[in-house]
Amino acid sequence: MLKIDKLSKSFGGILATDNVSLELKPNSINALIGPNGAGKTTLFNLITGKIDIDEGQIFIDNTNITNLKESEITHLGIARAFQITNIFSTLSVQDSIKVALLAKQHGLNNMWNRFKAHSINKEAESIAKLSGLTKSYNTISSALSHGDQKLLDIALALALKPKVLLLDEPTAGMGPEERWKMIDRIQKLWKKTKMTVLFIEHDMDIVFDIAQNIYVLQQGAIIAEGTPKEIKSNKKVIKAYLGGGKK
Amino acid sequence: MNLLKKDNFQRDVFLGLLVWFMLIIFYYILPDPGIHDIIQKVFILGLFAMSLNILIGYLGLIAFGHAAFFASGAYTLGLFLQSDFVLNLAGFSIPVAIVLAVLVSSILATLIGVICIRLKDIYFSFLTLAFQMLIYSIILALVNITGGDQGLMGGFPKPPFLGIDLGKPFDFYAFTIFISIITIVLLRQLIESPFGYGLRMIRDNSERPAALGFNNQKHKLIAFIIAGSIAGLAGSLQALLDVGAYPEWAFWSKSAEPLFMILLGGMHSFLGPLMGALIFEILNDFVTANTRYYGLVLGLVILCFVLGLKKGLLDWLLIKLNRK
Ligand SMILES: Nc1ncnc2c1ncn2[C@@H]1O[C@H](COP(=O)(O)OP(=O)(O)OP(=O)(O)O)[C@@H](O)[C@H]1O
Ligand SMILES: [Mg+2]
């Protein structure tokens, strides 16, 4: 589905992405883990074309997307939610989802319909339902709880009906209970939509619970990959990452 | 009355025509040329301010050179009506002159917009200002064509068309307000369309749209061109009113006027800038009649709005009404 081949990126002197290769299987759910500053978000930024690639190539379904523009890559089926919520503060949940739906169909150039009466309303409702935002459907984004803002960020990505969904710390800033609710939601989403999911997460219990496949990033490089079982017993990972947390 | 309940284009056309009729009745009820003059100026300046508010209120871009388009509309209309084309076109002269004024302003807006739209925040503001001052210098430099600092000299003919004679006060009043209202109704359609929500989206967060597969720059450019075109229309109406065009209309202080109107009336309600133009014109009229310190009074009033209401008057009123 998504294939990354020997990808590298440096900022000044820092190698933020170091010769990363990986391939996500269709309809799989995968986790990307690693300490702060390991280069997880940078990898997402490279995949989505938000920042330029130094070296390497990226493919989606065998289409080479290396060096395409962010908006072009989005239209080829990659959507993301952000680590720091990235939403439209004065728009309601409903209107936010609708602009995302219309953006995907190039419908925002339309000047002759009324946005409020647009036939896309039904679809927006179903995206809100899928994201668990039915109750706050008419709330202005800036007035939503932190958790709902995170959900809206994901809903915007879902509205694009992506083949590959990238989630950057969907549970960031949440308490334990809210966290598991979010994870539940993501798992359901993934089962329902048959997307390929790659998520970044710091909570190991969550990662081991729902990921089929885990990539461990350290100082820009992938130091291990495998099933939860394999990762749990990987010496490198225990030494570099998991061990550190237990002390 | 079902027509009034639905917020759609038909309703706006209906309301627009209704307001137009009422203003025409008002013309006969209150036969005071001074007041008629204020009303038509409010609409002309209101168009100018509303066009700027597409950029400020809906796109979040503080354009500081909007008078460039006002002036280009005014000079295009004036120069065209002074030319020999009028002899051949006769009754079509004025409609053609207005269309041409809008067209030239839209072309100018395209040229300036392509460059300015790439910049953000203060850099965008400064560049629009720089382009405007360039236009100002060009107007001053081309003395043979524009009359330089004297403005377009010698007036121009206003041949009647479709039975409308803009030389007559009533015809001018009805025509100007009609054109303004139609433009405002179309502008509201634009603002309430998916395109208009694209503007709000960019204003709220200019980073996310690319991750939704959206091209900000193209959208911003189209908005800039539309804003410039409407400013050009306002300028052409002003030129018709004054039977001339003046370089001050391209000076930076002319760009500040619609900004004041937006501040006074409110940038978050569709008709806020029009209300601002009304306050501006009333102040202008009554204050200049009574004191020489117009600038001082205007400054104090704006200070009251900014510090007291913390928003424009219409924004403030609508919030009050919604709370009830
Ligand atoms: N635009 C940028 N310019 C310069 N340096 C950057 C930029 N983006 C990231 N970096 C650097 O690259 C490294 C990786 O950052 P990145 O944000 O990808 O880490 P991360 O794994 O997502 O960390 P976290 O868990 O804290 O979110 C860091 O050293 C960071 O300072
Ligand atoms: Mg990160």
Side-chain angles (χ1 to χ4, degrees), chain A residues 44-45 47-50 69-82 84-92 94-120 140-142 152-153 156-162 166 168, chain B residues 3 5-13 54 56-60 183 185-223 225-227 229-230 267-270 311 315 318-319 322:
Chain A
F44 275 18
N45 287 341
I47 295 171
T48 55
K50 193 173 174 61
K69 276 198 290 189
E70 191 180 5
S71 57
E72 292 168 335
I73 291 173
T74 306
H75 282 291
L76 288 170
I78 300 184
R80 77 184 285 193
F82 289 78
I84 300 159
T85 44
N86 207 347
I87 55 179
F88 305 110
S89 54
T90 71
L91 299 187
S92 66
Q94 175 181 19
D95 291 351
S96 303
I97 295 174
K98 278 168 73 179
V99 290
L101 282 168
L102 286 168
K104 165 83 179 177
Q105 313 170 357
H106 301 284
L108 289 171
N109 298 324
N110 181 325
M111 298 179 178
W112 305 111
N113 285 338
R114 285 281 156 125
F115 179 81
K116 293 280 180 205
H118 203 285
S119 56
I120 213 132
I140 301 296
S141 304
S142 60
L152 178 56
D153 201 321
L156 294 180
L158 286 178
L160 306 175
K161 312 247 156 46
L166 307 176
D168 196 343
Chain B
L3 192 63
K5 279 193 195 126
K6 255 205 184 142
D7 180 357
N8 59 21
F9 184 63
Q10 285 85 337
R11 184 201 67 164
D12 289 351
V13 171
I54 300 174
I56 293 183
Y58 292 96
L59 199 47
T183 309
V185 168
L186 287 173
L187 184 56
R188 180 163 155 82
Q189 170 56 34
L190 181 83
I191 291 298
E192 292 302 317
S193 70
F195 183 89
Y197 276 77
L199 300 178
R200 294 169 175 82
M201 172 175 83
I202 297 171
R203 171 193 67 194
D204 281 7
N205 183 346
S206 61
E207 187 203 356
R208 181 75 192 242
L212 300 175
F214 183 75
N215 183 343
N216 280 2
Q217 300 305 38
K218 195 179 129 210
H219 217 73
K220 280 156 77 171
L221 181 60
I222 295 172
I225 295 169
I226 293 173
S229 308
I230 298 176
M267 68 175 85
H268 299 303
S269 20
F270 178 70
K311 46 185 75 71
D315 285 357
L318 288 178
I319 289 174
N322 278 339

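Given the structure is predicted, the values throughout are model-derived calculations rather than measurements. As a basis for the values below, the full set of heavy atoms in this structure was taken, side chains included, without hydrogen atoms, waters or symmetry mates. By convention in this document, chain letters (A, B, ...) are assigned in the order of the sequence lines, proteins followed by strands, and residues within each chain are numbered from 1.
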Minimum heavy-atom distance [X]-[Y], with the two atoms named:
X: B/Gln189; Y: A/Arg114; answer: OE1-NE, 2.8 Å
X: A/Gly107; Y: B/Pro194; answer: O-CB, 3.5 Å
X: A/Leu160; Y: B/Ala211; answer: CD1-O, 3.4 Å

*Passing option when B/Leu212 is tested against A/Leu102, A/Leu156, A/Leu108, A/Leu101 for side-chain contact (heavy atoms from CB on, under 4.5 Å)*: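 Going through the options one by one, the only one that passes is A/Leu156.
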
Under 4.5 Å from a heavy atom of chain A, the part of [X] involved:
X: B/Ile222; value: side chain
X: B/Asp12; value: side chain
X: B/Arg200; value: side chain

Check each atom of [X] against the heavy atoms of chain B and say whether the ones under 4.5 Å are side chain, backbone, both or neither.
X: A/Asp153; answer: both
X: A/Ala157; answer: both
X: A/Thr48; answer: neither
X: A/Lys50; answer: side chain
X: A/Leu91; answer: both
X: A/Ala79; answer: neither

_Could you measure the distance from the NE2 atom of A/His106 to the CG atom of B/Asn215? Nearest 0.5 Å is fine._
10.0 Å

*Please round to the nearest 0.5 Å and tell me the distance separating atom CG of B/Leu186 and atom CH2 of A/Trp112.*
6.5 Å

_For a 4.5 angstrom cut-off between non-hydrogen side-chain atoms, does A/Met111 reach B/Ile226?_
yes

*Is the side chain of B/Asn205 donor-acceptor paired with the backbone N or O of A/Ile87 at a distance under 3.5 Å, no angle test?*
yes

*Does B/Asp204 reach the main-chain N or O of A/Thr90 with its side chain, forming a donor-acceptor pair under 3.5 Å?*
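Judged by distance alone, yes, a pair lies under 3.5 Å.
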
*asked:* I'd like to know which of B/Phe195, B/Tyr197, B/Phe214 tops the heavy-atom pair count under 4.5 Å against chain A.
replied: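 Looking at each option in turn, the highest pair count goes to B/Tyr197.
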
